[in-house]
Amino acid sequence: MFLSRVFGRALFASAKSESHAAYATAASVAGSGHNPLEEFFEADRSVDDDKPVVYGRSWKASELRLKSWDDLHKLWYVLLKEKNMLMTQRQMLNAQNLRFPNPERIPKVRKSMCRIKQVLTERAIEDPDPRRSAEMKRMINAL
């Protein structure tokens, strides 16, 4: 009985501290007003804006060849988030029978992603170590 009291109190205290930490984390996220699901939706523009928004072009392979492996990795995930956001927005608007604004953005993102894979494949082929080259190709194909 003594052992159950001691261990029970210790377990209860650790569970209490973990739940307090989880509550503090949740409160900080809720307090900041940032919901991670908001990244799947584009920020709304005001109705007063009559001029169309001009979006950028896709990345060129020559530009991507100048970037480091880490920069290409970061850019890949930025483009992946952008693609997911655009696809989510397109699906929601189609469900509401509304027109998707600027549908040309999706092919630009896809082209950039394909060009990143192309540049990484070129680097893998040029690598003199065949084992490392094969490993890089497996990683690239997993993207």
For [X], give me all partners under side-chain contact (heavy atoms from CB on, under 4.5 Å), at least two apart in sequence or on another chain.
X: S58; result: K108, K111, S112, R115
X: A61; result: R65, Q118, V119
X: L66; result: none

Q. Mind checking what makes side chain to side chain donor-acceptor pair (under 3.5 Å) contact with D71, not counting sequence neighbours?
A.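 D71: side chain to side chain donor-acceptor pair (under 3.5 Å) contacts with S68.
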Q.
For residues 73-118, which residue pairs pass the ring-ring contact (aromatic ring centres under 6.0 Å, His included) check, not counting sequence neighbours?
A.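 Of all non-adjacent pairs touching residues 73-118, those that pass ring-ring contact (aromatic ring centres under 6.0 Å, His included) are H73-Y77.
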Q: Please collect all ring-ring contact (aromatic ring centres under 6.0 Å, His included) contacts where either partner lies in residues 118-143, sequence neighbours excluded, each pair once.
A: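 Not a single pair qualifies under ring-ring contact (aromatic ring centres under 6.0 Å, His included).
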Do [X] and [Y] have side chains that get closer than 4.5 Å, going by heavy atoms?
X: I116; Y: L79; value: yes
X: L64; Y: L75; value: yes
X: I106; Y: R90; value: yes

**Q.** All salt bridge (charged side-chain N to carboxylate O under 4.0 Å, His left out) counterparts of E63, not counting sequence neighbours
**A.**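 Partners of E63 by the salt bridge (charged side-chain N to carboxylate O under 4.0 Å, His left out) criterion, ordered by chain and then number, come out as R57.
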Q: For R132, check salt bridge (charged side-chain N to carboxylate O under 4.0 Å, His left out) against everything at least two apart and list the hits.
A: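 Partners of R132 by the salt bridge (charged side-chain N to carboxylate O under 4.0 Å, His left out) criterion, ordered by chain and then number, come out as D127.
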Once you round to the nearest 0.5 Å, how far does [atom1] of [X] lie from [atom2] of [Y]?
X: K67; Y: L72; atom1: NZ; atom2: CG; value: 7.5 Å
X: M136; Y: D129; atom1: CE; atom2: CG; value: 10.5 Å
X: L98; Y: Q89; atom1: CG; atom2: CD; value: 10.5 Å
X: L93; Y: Q96; atom1: CG; atom2: CD; value: 6.0 Å
X: T121; Y: N141; atom1: OG1; atom2: CG; value: 7.0 Å

**Q.** With M85, the side chain to side chain contact (heavy atoms under 4.5 Å, CB included) member among E82, M87, K83
**A.**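 Answer to the side chain to side chain contact (heavy atoms under 4.5 Å, CB included) test with M85 among E82, M87, K83: E82.
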Q | Nearest heavy atoms of W69 and M139, plus distance in Å | A |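 Closest approach of W69 to M139, heavy atoms only: CZ2-CE, 3.4 Å.
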Q | Shortest non-hydrogen contact from I140 toward K117 | A |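 Taking I140 first and K117 second, the nearest heavy atoms are O-CE, 3.3 Å.
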Q) What salt bridge (charged side-chain N to carboxylate O under 4.0 Å, His left out) pairs are there with at least one residue in residues 133-143, not counting sequence neighbours? A)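 Found none.
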